[in-house]
Amino acid sequence: MIKQNDDDPDSFENSQRREMEEIQTRLSFIEESLRNNQRSGAFGLFNFSQFNRLSTALAGVLGALALGFTTFTLIKGFQWRAAIAELRAEPGIEIMNVRSVGLLKKQVTGLRDPLAPNPYKIFENHNIPPAQVDLKLAEYHSLNTPYGRQREEQRSKELLELRGKVIGVVGALSEENRKLREDELGKISQLLLEIRFPEAMKKLNLRYDDGIWYADGQLLANEYSDFKQEASKFILNGAVDLENIGNYTQARNEMLVKGIQSPNLLDKDYSGEPAHIPRLARLIKEYDELCFKSGITPGRLKLILTSKSPEKIEGDLHKIADKLTDAAQLSQTRLRIMPTQPGKGDEAKDTLKIEIGD
């Protein structure tokens, strides 16, 4: 602080001037500081507002991309499901497994009949390009399908054409070679039958005696009807006697059905468990396998309870049904519990039996 000298006017005036200059200097410094702080605040506000706008725009773009990718994935999923469903419906194609092997690419494994349609065409019909499909379909010859029947018809046609050619060639032989011709025709006939009916000929005994062909043995139902209907077309000499061929499916089926339908499933063994479950499970499996090999549909299994007091047996009934389903490896709809039939007479025994029907 400058000490004032009241006695010297010039000295006072100079001190006042210096104080005013010092105050002005300080005010200028404060004003400049405030101005600088104001600019800095405006610049920060500008950066924050710009960042918010950029963040909002980026979030919108990412959301649109996510929605587009999700929609694209859903559409691709629908296309794949439709294509696989069409493949499974095709009788000459068997799909075993479908799994992803990359982004938007799947591997399909299974079986394909050579006469079946090109599976890539089916995928293309559902907007799935070949580059997105890894097909591993092993070749197999389907049975009981339009392609299997087409193959059989073609084979029969070729064999019949061969038969005609053989007859034409052999017919030109002179009468003096008749015996030789008969032997050759017999060998050729047997060869044609073995080509046309490979499985059936393994089970039959075929012999030629005095101008007649005799066959005896047991065939499955589909083999039986096919052989009896078609065999004579491939015999080049003599008559045909097929009366001694038996229908193995029919005879075996009757025996299995009788064995399945006869026991009372309420019988217990020494440990209190249903006594007939293991045997019935084995018979049912044999019955199903016989039907499968014979090309026929197995009948539905019906559980029929006869009782005057069914409410006492209801627990055992469902327990037996579950045990039989598991032991025989049946589908849930294969075994059906029928309405209870009332017992006749006061001493009528409760029975639970299986009936095979439609």
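Below, each value reflects all heavy atoms present in this structure, side chains not excepted, and no hydrogens, waters or symmetry copies.
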Trainee: Could you give me the CA-CA distance, side-chain angles and deciding distance for V108 and I84, then say whether side chain to side chain contact (heavy atoms under 4.5 Å, CB included) is met?
Mentor: CA-CA 9 Å; V108 181; I84 294 299; 4.2 Å; yes
Trainee: Indicate yes or no: at least one non-hydrogen side-chain atom of R334 is less than 4.5 angstrom from one of P298.
Mentor: yes
Trainee: Which atoms form the tightest heavy-atom contact between D350 and N264, and what is the distance?
Mentor: O-ND2, 3.2 Å
Trainee: Assess whether a salt bridge exists between R99 and D134, defined as any Lys/Arg side-chain N lying under 4.0 Å from an Asp/Glu carboxylate O.
Mentor: no
Trainee: Decide whether I212 and V240 are clustered together by the hydrophobic rule: side chain heavy atoms of Ile, Leu, Val, Met, Phe, Trp, Tyr closer than 4.5 Å, transitively.
Mentor: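 Looking at the clustering, V240 is in a separate group from I212.
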Trainee: Under 3.5 Å, side chain of T249 to main-chain N/O of A221, donor-acceptor pair present?
Mentor: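 Here the side-chain-to-backbone pair exists.
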Trainee: What I'd like to find out is whether the side chain of L324 reaches to under 4.5 Å of the side chain of I354, using heavy atoms alone.
Mentor: yes
Trainee: I need the minimum non-hydrogen distance between P130 and E124, along with the two atoms involved.
Mentor: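 Shortest heavy-atom contact: CG-OE2, 3.5 Å.
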Trainee: CD of E86 to CD1 of I95: how many Å apart, nearest 0.5 Å?
Mentor: 11.5 Å
Trainee: So how far is it from F234 CZ to L160 CG, rounded to the nearest 0.5 Å?
Mentor: 4.5 Å
Trainee: Run the side chain to side chain contact (heavy atoms under 4.5 Å, CB included) test on I93 and D113 for me, step by step, so that the C-alpha distance in whole Å, both residues' side-chain angles and the decisive distance to 0.1 Å come before the verdict.
Mentor: CA-CA 6 Å; I93 297 178; D113 193 297; over 6 Å; no
Trainee: Is the number of heavy atoms from other residues, nucleotides or ligands under 6.0 Å of R282 CZ greater than 12?
Mentor: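 Yes, enclosed.
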Trainee: Hydrogens and angles aside, do H276 and D267 bring a side-chain donor and acceptor to less than 3.5 Å of each other?
Mentor: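 Note: H276 and D267 side chains meet the donor-acceptor criterion.
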Trainee: Taking all non-hydrogen atoms of both residues, which atom of E223 and which atom of K203 are closest, and how far apart?
Mentor: OE1-NZ, 2.9 Å
Trainee: List the steps, then state whether side chain to side chain contact (heavy atoms under 4.5 Å, CB included) holds for L219 with I245.
Mentor: CA-CA 7 Å; L219 297 178; I245 298 178; 3.9 Å; yes
Trainee: Hey, are the side chains of L290 and L220 touching, using non-hydrogen atoms and a 4.5 Å cut-off?
Mentor: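 A side-chain contact under 4.5 Å exists here.
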Trainee: With a 4.0 Å cut-off, would you call E153 and R149 a salt bridge?
Mentor: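 Here E153 does not pair with R149 in a salt bridge, since their nearest N and O are not under 4.0 Å apart.
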Trainee: Charged N to carboxylate O below 4.0 Å: is that the case for R196 and D226?
Mentor: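 Yes, this pair counts.
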Trainee: For N205, does its backbone N or O pair with a side-chain atom of Y214 as donor and acceptor, under 3.5 Å?
Mentor: no
Trainee: Under a 4.5 Å cut-off applied to non-hydrogen side-chain atoms, are Q341 and S307 in contact?
Mentor: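 No, every pair of side-chain atoms sits at 4.5 Å or beyond.
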Trainee: With under 30° as parallel and over 60° as perpendicular, where do the rings of Y208 and W213 fit, or are they tilted in between?
Mentor: tilted
Trainee: Check the pair R207, D216 against salt bridge (charged side-chain N to carboxylate O under 4.0 Å, His left out), reporting the backbone distance first and the verdict last.
Mentor: CA-CA 9 Å; R207 68 186 189 279; D216 57 79; 3.2 Å; yes
Trainee: Do L206 and I195 sit in the same hydrophobic cluster, where Ile, Leu, Val, Met, Phe, Trp and Tyr count as joined when their side-chain heavy atoms come under 4.5 Å apart?
Mentor: yes
Trainee: Quick one: closest heavy-atom pair of A321 and L335, and the distance?
Mentor: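 What the structure gives for the nearest pair is O-CD2, 3.6 Å.
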Trainee: So does N222 get a backbone contact from the side chain of S225, meaning a donor-acceptor N/O pair under 3.5 Å?
Mentor: yes
Trainee: Looking only at atom types and distance, does a side-chain atom of R112 sit under 3.5 Å from a main-chain N or O of P117, one as donor and one as acceptor?
Mentor: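 Yes; at least one donor-acceptor contact below 3.5 Å.
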Trainee: Heavy-atom distance under 4.5 Å between the side chains of H318 and E314, does that happen here?
Mentor: yes
Trainee: Apply the test salt bridge (charged side-chain N to carboxylate O under 4.0 Å, His left out) to residues K323 and E273: give CA-CA distance (whole Å), side-chain angles for both, the deciding distance (0.1 Å), then the verdict.
Mentor: CA-CA 10 Å; K323 284 181 175 292; E273 294 295 323; 3.6 Å; yes
Trainee: Within the 4.5 Å heavy-atom criterion, are F123 and L87 side-chain neighbours or not?
Mentor: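 They are in contact (side-chain heavy atoms under 4.5 Å apart), so the answer is yes.
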Trainee: Would you indicate whether the side-chain heavy atoms of L162 and I188 approach each other to under 4.5 Å?
Mentor: no
Trainee: Pair K258, E254 - check salt bridge (charged side-chain N to carboxylate O under 4.0 Å, His left out), show working.
Mentor: CA-CA 6 Å; K258 182 178 179 181; E254 291 175 356; over 6 Å; no
Trainee: More than 12 foreign heavy atoms under 6.0 Å from OH of Y120: is that the case here?
Mentor: yes
Trainee: Look at atom CD of E289 and say whether more than 12 heavy atoms of other residues, nucleotides or ligands are closer to it than 6.0 Å.
Mentor: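 Count not over threshold, so no.
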Trainee: Does D241 reach the main-chain N or O of E243 with its side chain, forming a donor-acceptor pair under 3.5 Å?
Mentor: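 A pair under 3.5 Å: yes.
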Trainee: Less than 4.5 Å apart, side chain to side chain, heavy atoms only: is that true for Q218 and Y224?
Mentor: no
Trainee: Atom CG in L192, atom CD1 in I235: separation rounded to 0.5 Å?
Mentor: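 Result: 8.5 Å between the selected atoms.
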Trainee: At what distance, to the nearest 0.5 angstrom, does CD1 of I260 lie from CZ of R279?
Mentor: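 The CZ atom of R279 is 9.0 Å from CD1 of I260, to the nearest 0.5 Å.
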Trainee: Going through the distances and angles, do R155 and E158 end up as a salt bridge (charged side-chain N to carboxylate O under 4.0 Å, His left out)?
Mentor: CA-CA 5 Å; R155 182 186 298 175; E158 292 174 354; over 6 Å; no
Trainee: Between the side chains of Q154 and Q150, does any donor sit under 3.5 Å from an acceptor?
Mentor: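 Result is no, nothing qualifies.
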Trainee: Any chance you could measure I337, atom CD1, to L305, atom CG, to the nearest 0.5 Å?
Mentor: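 CG of L305 is found 9.5 Å from CD1 of I337.
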Trainee: Under the 3.5 angstrom rule, does the side chain of Q261 hit a backbone N or O of I356 as a donor-acceptor pair?
Mentor: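 The answer is yes, because a donor-acceptor pair under 3.5 Å joins these two groups.
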Trainee: Starting at CG of D288, measure out to CD of Q329 and round the result to the nearest 0.5 Å.
Mentor: 10.0 Å
Trainee: Which heavy atom in P91 sits nearest to a heavy atom in T145, and how many Å separate them?
Mentor: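 In this case the closest contact between P91 and T145 is O-CG2, 3.7 Å.
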Trainee: If you group Ile, Leu, Val, Met, Phe, Trp and Tyr by side-chain heavy-atom gaps below 4.5 Å, do I284 and I304 land in one group?
Mentor: no
Trainee: Verify the neighbour count for atom NZ of K353: are there more than 12 heavy atoms of other residues, nucleotides or ligands below 6.0 Å?
Mentor: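 Yes - once you tally the heavy atoms of other residues, nucleotides and ligands closer than 6.0 Å, there are more than 12.
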Trainee: Check the hydrophobic clustering (I, L, V, M, F, W, Y; side-chain heavy atoms under 4.5 Å; chains of links allowed) and say if L303 and L301 are grouped together.
Mentor: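 Looking at the clustering, L301 is in the same group as L303.
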Trainee: Could you check E355 against M338 for side chain to side chain contact (heavy atoms under 4.5 Å, CB included), going step by step and ending with a plain yes or no?
Mentor: CA-CA 10 Å; E355 180 180 305; M338 305 301 294; over 6 Å; no
Trainee: Would you say the side-chain atoms of S189 pair up with the backbone N or O of L236, donor to acceptor, closer than 3.5 Å?
Mentor: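 Yes, the answer is positive, given that a donor and an acceptor are paired below the 3.5 Å cut-off.
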Trainee: Of the non-hydrogen atoms in A83 and H126, which two are nearest, and what is the gap between them?
Mentor: CA-CD2, 3.7 Å
